[in-house]
Amino acid sequence: YFIGDFDGQTFTNDNPSAILWFDYGPDNYAGTIWNNVPGDRRIYIGWMSNWQYALATPTDRWRGATTLPRELRLVHTPHGLRLAQTPIYSDQNRQRLGVWENLDITGELVLNGVEGRALEVVAEFEPGSAARFGLDVHRSDQARTRIVYNSPQAQLLISRSDTIDGKTVNGFNPVFGAPASLDNDRLRLHLFVDESSVEVLAQDGLISLTGQTFADPAARGAALFAEGGTAKVTRLEVYTLGSVWTEEAVTQASQLDFCR
């Protein structure tokens with residue numbers, strides 16, 4: 001994205017030597033933006049797919065999805081104006097699974113009682129001495145989707161399987177990430193996990209990573225982890241999200257052939 005001034009004929013870029021990324025994930029493309037929303041808000045919805053493998057995803061009677069609606073806003077940072085994204089959703093469709101504070105993590109900590117394919121996670125970490133830390137969703141003994149912060153590289157990464165139904169999907173990169181500086185030595189994450197996707201907004205929406213995932217449907221667990229030292233979770237909230245689909249809508253969708 002580009003920030004600057006437009007006088008009706010010429011756009012002047014405030015950051016001509018910098019590339020500013022709207023989303024560091026592979027699956028947020030061709031977004032639609034609504035301006036002049038009440039409250040002077042600007043709302044964005046992206047296509048959650050990628051033409052490198054859009055026709056190879058393992059779907060039947062369903063092909064493609066969209067991101068959550070997100071409000072776009074400009075915020076002042078030490079590096080100048082930057083774009084931030086805030087998810088728009090109803091919290092009436094969620095149920096709290098747990099809240100934890102001041103957890104010291106060394107190795108892996110399975111979150112007992114936290115299960116689900118559709119989750120909302122709000123987390124704040126202090127890196128401590130850990131070289132890598134983060135959390136796993138869509139977790140089982142054989143599979144997981146991992147959100148990891150690499151402290152030496154100052155990068156936030158998502159690791160997902162590129163093998164689906166025993167076949168490797170060409171172009172489906174298993175790891176992708178973003179440069180992510182800590183804020184007062186803390187990393188803040190807001191995750192939305194769905195049946196086949198993960199949307200990660202970090203540092204109050206200044207960093208976005210969106211990716212499809214195709215973990216085994218039996219993978220429903222979650223865990224925290226720290227490698228090469230100890231990290232602290234200052235606060236963690238996990239919610240399970242209910243479906244927004246009514247039985248009537250599901251029945252109607254099952255009668256349509258979205259793939260063709």
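The figures here come from the full heavy-atom set of this structure, side chains too, leaving out hydrogens, waters and symmetry mates. Residues: numbered from 1 along the sequence shown.
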> Under the ring pair (Phe, Tyr, Trp, His ring centres under 6.0 Å) rule, what pairs show up with a residue in residues 156-178, not counting sequence neighbours?
Replying inline: Y53-F172, F172-F214

> Does anything in residues 93-113 pair up under ring pair (Phe, Tyr, Trp, His ring centres under 6.0 Å), and if so which pairs, sequence neighbours excluded?
Replying inline: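 Residue pairs passing ring pair (Phe, Tyr, Trp, His ring centres under 6.0 Å), neighbours aside: none found.
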
Distance from [X] atom [atom1] to [Y] atom [atom2], nearest 0.5 Å?
| X | Y | atom1 | atom2 | result |
| --- | --- | --- | --- | --- |
| T240 | R94 | OG1 | CZ | 11.5 Å |
| D5 | D14 | CG | CG | 6.0 Å |
| T145 | L135 | OG1 | CG | 10.5 Å |
| E120 | L97 | CD | CG | 11.0 Å |
| L189 | I147 | CG | CD1 | 8.0 Å |
| F192 | L68 | CZ | CG | 5.5 Å |

Taking all atoms of both residues into account, what is the closest heavy-atom pair of [X] and [Y], and its distance?
| X | Y | result |
| --- | --- | --- |
| N173 | R160 | O-NE, 2.8 Å |
| A131 | P152 | O-CD, 3.3 Å |
| S208 | D23 | OG-OD2, 2.6 Å |
| L156 | A180 | CB-CB, 4.0 Å |
| P127 | D185 | CD-O, 3.2 Å |
| L83 | I3 | N-CD1, 4.3 Å |

Can a donor-acceptor pair be found, under 3.5 Å and without considering hydrogens, that links the side chain of [X] to the backbone of [Y]?
| X | Y | answer |
| --- | --- | --- |
| D216 | A218 | yes |
| Q212 | D27 | no |
| D194 | S197 | no |
| N15 | A18 | no |
| T213 | A215 | no |
| D136 | A223 | no |
| Q85 | F22 | yes |
| T67 | I45 | no |

> Considering the options I207, L74, L20, which one meets the side chain to side chain contact (heavy atoms under 4.5 Å, CB included) requirement together with R82?
Replying inline: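 Exactly one candidate clears the test, L20.
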
Same apolar cluster (I L V M F W Y, side chains within < 4.5 Å links), [X]/[Y]:
| X | Y | result |
| --- | --- | --- |
| V137 | L241 | no |
| L187 | L157 | no |
| L236 | V193 | yes |
| V148 | L182 | no |
| W34 | I88 | yes |

> For Y239, which residues count as a ring pair (Phe, Tyr, Trp, His ring centres under 6.0 Å) partner, sequence neighbours excluded?
Replying inline: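 With neighbours one apart ignored, the set is empty.
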
>> Suppose we screen for ring pair (Phe, Tyr, Trp, His ring centres under 6.0 Å). Which residues come up paired with Y149, at least two apart in sequence or across chains?
In response: F133

Does a side-chain heavy-atom distance below 4.5 Å link [X] with [Y]?
| X | Y | value |
| --- | --- | --- |
| R70 | I43 | no |
| E71 | V37 | no |
| T66 | M48 | no |
| D204 | L206 | no |

> So which pairs with a foot in residues 37-50 pass side-chain hydrogen bond (donor to acceptor under 3.5 Å, both in side chains), sequence neighbours left out?
Replying inline: N28-Y44

> Apart from F6 itself, what residues make up its hydrophobic cluster, given side-chain heavy atom links below 4.5 Å?
Replying inline: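 Cluster partners of F6: F2, F11.
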
>> Just to verify, which of E126, E101, E124 counts as forming a salt bridge (charged side-chain N to carboxylate O under 4.0 Å, His left out) with R235?
In response: E101

> If you measure only the distance, is there a donor-acceptor pair under 3.5 Å linking the side chains of H190 and E199?
Replying inline: no

> Considering residues, nucleotides and ligands other than D141, do more than 12 of their heavy atoms fall under 6.0 Å from its CG?
Replying inline: no

>> Test side chain to side chain contact (heavy atoms under 4.5 Å, CB included) on L224 and L111; report intermediate values, then the result.
In response: CA-CA 7 Å; L224 299 166; L111 295 173; 4.1 Å; yes

> Should R139 and E108 be marked as a salt bridge (charged side-chain N to carboxylate O under 4.0 Å, His left out) after you check the CA-CA gap, both sets of side-chain angles, and the distance that decides it?
Replying inline: CA-CA 12 Å; R139 180 185 179 278; E108 186 176 85; 2.7 Å; yes

